[in-house]
Number of protein chains: 2
Amino acid sequence: MTDALDPDMFAQCANVTPLIQIGDKWTSKIIRCLENGPRRFSELRVPLRGITPKVLTETLRAMERDGLLTRTAYAEIPPRVEYELTSLGRTLLEPMAAMCSWAREHMETLLDARDRHLA
Amino acid sequence: MTDALDPDMFAQCANVTPLIQIGDKWTSKIIRCLENGPRRFSELRVPLRGITPKVLTETLRAMERDGLLTRTAYAEIPPRVEYELTSLGRTLLEPMAAMCSWAREHMETLLDARDRHLA
DNA sequence: CAGAATCCCACGAGATACTG
DNA sequence: CAGTATCTCGTGGGATTCTG
């Protein structure tokens with residue numbers, strides 16, 4: 001059902017994230033990663049380009065605490081843990097879509113203005 | 001035309017801002033402050049509860065650089081400076097409304113989950 | 001009034017190494 | 001594989017003081 005995450009799925013978002021953000025630096029990206037179903041810890045690390053395990057753990061714990069996602073650990077070897085958006089977490093997809101839409105429409109204008117100001 | 005800003009206009013947003021944010025800590029609040037027309041430096045300081053002049057200046061300069069607002073200085077004594085949203089800046093009002101709407105609907109649920117997790 | 005100049009600090013987040 | 005445990009550091013943002 002869920003295909004592998006695109007390693008470059010955030011390549012275009014480099015400038016967007018600092019301007020419009022949900023939660024901390026990584027929260028909104030994690031939400032997008034979980035949009036199509038549960039994902040494993042290692043799976044998330046791929047598109048989140050070089051996030052350290054420590055920071056990923058911290059972020060996931062905070063999101064779990066806020067009821068945005070659930071953490072499910074399977075007693076297997078090797079261990080497997082899956083993260084999945086809750087219904088509350090999924091409600092964030094809507095405002096996020098609005099922000100992405102804004103970014104697609106206006107981000108270039110903003111970056112142009114910024115560049116012009118450097119000259 | 002524009003009434004004075006409500007000093008407590010952000011009283012309810014204390015928990016919302018850290019979760020959903022545009023730009024840095026103050027940007028989204030400044031946008032709201034300018035929603036109904038131009039405002040002066042001192043006028044902005046009121047609802048922005050204890051923002052220091054340095055930080056306010058930095059934030060306004062960054063927003064000006066990004067083309068979100070314009071700065072107009074009048075050669076008077078005492079000096080008067082007005083800040084006003086550009087059309088680009090006004091386009092942010094729409095995604096902001098979506099986020100505020102989300103907050104109104106779901107923030108309590110989130111804070112409940114957070115509280116429950118502390119127990 | 002609208003800032004500029006300094007000084008300062010917490011904390012988000014990265015690097016690195018280790019483990020059940 | 002899915003984390004912990006430390007250590008470290010940049011910088012966003014605050015406090016304070018001064019000025020055209």
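To find a chain, count down the sequence lines: A is the first, B the second, and so on, and within it residues start at 1.
Each of C:dA13, D:dA2, D:dG14 was ranked by its minimum atom distance to the side chain of A:Lys25; first place goes to C:dA13. In the set D:dT16, C:dA4, D:dG3, D:dG3 carries the atom at the smallest distance from any side-chain atom of A:Phe41. Minimum atom distance to the side chain of B:Arg71 is reached by C:dG3, of the listed D:dA2, D:dG14, C:dG3.
The CE atom of A:Met99 lies 7.0 Å from the CD1 atom of B:Ile20; values are rounded to the nearest 0.5 Å.
In the interface, the side chain of A:Lys54 is paired with the base of C:dG14 through a donor and an acceptor atom under 3.5 Å apart.
Along DNA chain C, the nucleotide nearest to A:Thr59 and the one nearest to A:Pro53 differ in position, and the one closer to the 5' end is contacted by A:Thr59. Heavy-atom nearest nucleotides on DNA chain C were determined for A:Val55 and for A:Pro79, and the one closer to the 5' end corresponds to A:Val55.
When each of A:Arg39, A:Arg45, A:Arg40 is tested with A:Glu43 by the rule side-chain hydrogen bond (donor to acceptor under 3.5 Å, both in side chains), just one qualifies, namely A:Arg39.
Atom CH2 in B:Trp26 sits about 12 Å away from atom C1' in D:dG12, given to the nearest Å. The distance between atom NZ of B:Lys29 and atom C1' of D:dG12, rounded to the nearest whole Å, is 15 Å. If you measure from atom CD of B:Glu58 to atom C1' of D:dG14, you get 10 Å, rounded to the nearest angstrom. Atom CD1 of A:Ile51 is separated from atom P of D:dT4 by 13 Å (rounded to the nearest Å). Rounded to a whole Å, the CZ atom of A:Arg80 is 23 Å from the P atom of C:dG20. In this structure, A:Leu56 places its CG atom 13 Å from C1' of D:dC1, rounding to the nearest Å. The distance from atom OH of B:Tyr74 to atom C1' of C:dG3 is 18 Å, rounded to the nearest whole Å. The nearest whole Å value for the distance from the CZ atom in A:Arg61 to the C1' atom in C:dG12 is 18 Å.
No side-chain donor-acceptor contact under 3.5 Å links A:Thr109 and A:Asp112.
Residue A:Arg39 places none of its side-chain N or O atoms closer than 4.0 Å to OP1 or OP2 of D:dA2. Residue A:Ser42 places at least one side-chain N or O under 4.0 Å from the OP1 or OP2 atom of D:dA2. Applying the 4.0 Å criterion to OP1 and OP2 of C:dG3, one finds that B:Arg40 has every side-chain N and O outside that range.
Within a 6.0 Å sphere centred on CD of A:Glu35, other residues, nucleotides and ligands contribute more than 12 heavy atoms.
Salt bridge annotation for B:Arg61-B:Glu58: absent, with no cationic side-chain nitrogen under 4.0 angstrom from a carboxylate oxygen.
Among the atoms of the strands shown, only primed sugar atoms or phosphate atoms (P, OP1, OP2) are found under 4.0 Å from some heavy atom of B:Tyr83.
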